[in-house]
Amino acid sequence: MTTTDPRPSDAQLAARLQLQERPRRLRRTPALRGFLREAHLAPHQLILPMFVHDGTEREEIRSMPGVYRHSIDGLLREAETAARLGVGSVALFPRVPDALKDPRGSESLNPEGLFQRAVRALKRELPDLAVVTDVALDPYSSDGHDGLVSEGGEILNDETVELLVRMAVSQAEAGADVIAPSDMMDGRVGAIRAGLDEAGFGHVAVMAYSTKYKSAYYGPFRDALDSAPRAGDKATYQMDPLGGYREAARESRLDVAQGADFLMVKPALAYLDVLRFVREHFDLPVVAYNVSGEYAMVKAAALAGYVDERRIVLETLGSMRRAGADGILTYHALDAARWLAEE
Ligand code: PBG
């Protein structure tokens, strides 16, 4: 006759495993798991980047399925949807017609230009929405660089900064709430701050693209604006991807000293460690830019059926919050806000 061993008691098993702690106890039910959640994601933490163009129909961006260049009317409709979903801020970028691009980016200062008209329309129709405007020459420049280019192909820092200040004031006059210099010239944050103050825009905030890498993840954005550099690359002003924390600290420190209201780490996903570092060493709000290439990769995999888009997006944005982002610029903002409302 054979006897089967009785199942060992929990106490016997625990003794065999020499377990002191059982983390799984708090993962047993949704209610208990709720206590372990440290990162919270809410629509008001998201900033929706949007593209505006001169046409009347919207155009989908080839490398960014679901993202469009909007007419001003289309922009208003999408921004209204964002606001309804609780996304309180949009970041605007113009697709400037090639015919209006020149080496000095002159169109950027046109008070009746597409960008200024779009900002005015947004603030007129949706006054509560925070409008973040981009300061850099690349959308307007026939050279496709963020700064002025010398005959010899050098990026001219101080001459560029003078132009950026005028661009920032022009955007503030159109109604921008937050000026976001994405150009990486030295000294531009302090110059823009002084220029805004002098022009009576002391209430307009500056969101500094403080830690911005020279990244391959910007490819789809350059498709959206047709703004890729015509010659050379951005290595003399954007940071080396394998640069370290000291350079991030230096750039952040300089922007704090020059009066920035927000710091940024961009791109986000490949630089979450840098985001955490900046979060721990500075007390300004930090935003992460979940850039176009990060969006494109998720979209491509989702459209191929390789990943679950909703879960991937919420997990990714959540990781940026956990790493320390107070805000996230993301092309997924509308979808994410909808999904969050359903949860
Ligand atoms: C340029 C600018 C870029 C982005 C925002 N502003 C691209 C670049 O530096 O070449 C990238 C945003 C994205 O990829 O989503 N001033």
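These numbers were taken from a predicted model, which means no experiment stands behind them.
Electrostatic pairing of D177 and K123 counts as a salt bridge here, judged by a charged N lying under 4.0 Å from a carboxylate O. Taking a cutoff of 4.0 Å between a charged side-chain nitrogen and a carboxylate oxygen, E280 and R276 qualify as a salt bridge. Taking the charged nitrogens against the carboxylate oxygens, D240 and K214 have no contact shorter than 4.0 Å, which rules out a salt bridge. Salt bridge annotation for D138-K234: present, with a cationic side-chain nitrogen under 4.0 angstrom from a carboxylate oxygen. A salt bridge does not link R77 to E125: none of the charged side-chain nitrogens sits closer than 4.0 Å to a carboxylate oxygen. Ionic pairing of E38 and R321 is not present here: no N-O contact between side-chain nitrogen and carboxylate oxygen is shorter than 4.0 angstrom. Between R246 and E251, no side-chain nitrogen of the basic residue sits less than 4.0 Å from a carboxylate oxygen of the acidic one, so the salt-bridge criterion is not met.
For the pair V287/D326, no side-chain contact is recorded, criterion being any heavy-atom separation below 4.5 Å from C-beta on. Side-chain contact between D146 and I155 is absent, with no heavy-atom pair separated by less than 4.5 Å. The shortest distance between side-chain heavy atoms of R222 and P229 falls below 4.5 Å. Residues M64 and Y331 have side chains in contact (heavy-atom distance under 4.5 Å, counting atoms from C-beta outward). Between V178 and V131 there is no side-chain heavy-atom pair separated by less than 4.5 Å. Put simply, the side chain of L46 reaches to within 4.5 Å of the side chain of L41, judged on heavy atoms. Counting heavy atoms from C-beta outward, V132 and V90 have side chains that stay 4.5 Å or more apart. Between R69 and L225 there is no side-chain heavy-atom pair separated by less than 4.5 Å.
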**OP:** Check the pair D134, S182 against side-chain hydrogen bond (donor to acceptor under 3.5 Å, both in side chains), reporting the backbone distance first and the verdict last.
**Re:** CA-CA 7 Å; D134 181 63; S182 65; 2.7 Å; yes

**OP:** Please lay out, stage by stage, how D255 and Q258 fare under the test side-chain hydrogen bond (donor to acceptor under 3.5 Å, both in side chains).
**Re:** CA-CA 5 Å; D255 287 353; Q258 291 172 38; 4.7 Å; no

**OP:** Take F51 and Y68, measure what ring-ring contact (aromatic ring centres under 6.0 Å, His included) needs, and give me the verdict at the end.
**Re:** CA-CA 7 Å; F51 302 110; Y68 300 85; over 10 Å; no

Original post:
side-chain contact (heavy atoms from CB on, under 4.5 Å) between I179 and L196: does it pass, once the steps are laid out?
Top reply: CA-CA 10 Å; I179 302 289; L196 289 173; 4.0 Å; yes

**OP:** Dump the intermediate steps for ring-ring contact (aromatic ring centres under 6.0 Å, His included) on F115 and F93, then the final yes or no.
**Re:** CA-CA 8 Å; F115 193 70; F93 299 93; 8.1 Å; no

Subject >> side-chain hydrogen bond (donor to acceptor under 3.5 Å, both in side chains) assessment of S170 paired with Q116 >> reply: CA-CA 8 Å; S170 172; Q116 282 83 343; 2.7 Å; yes

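Not one N or O on the side chain of D143 forms a donor-acceptor pair closer than 3.5 Å with the backbone of V149.
For the pair L129 and S89, the tightest heavy-atom approach, listed with the atom from each and the gap, is CD1-N, 4.2 Å. H53 approaches R58 most closely through the heavy-atom pair NE2-CA, 4.4 Å. Considering every non-hydrogen atom in both R120 and A174, the closest pair reads CG-O, 3.3 Å.
Within a 6.0 Å sphere centred on CD of E159, other residues, nucleotides and ligands contribute more than 12 heavy atoms. In the displayed structure, E198 atom CD is contacted under 6.0 Å by at most 12 heavy atoms of other residues, nucleotides or ligands. Shown here is R104, whose CZ atom has no more than 12 heavy atoms of other residues, nucleotides or ligands within 6.0 Å.
There is no side-chain donor-acceptor pair under 3.5 Å between Y245 and H281.
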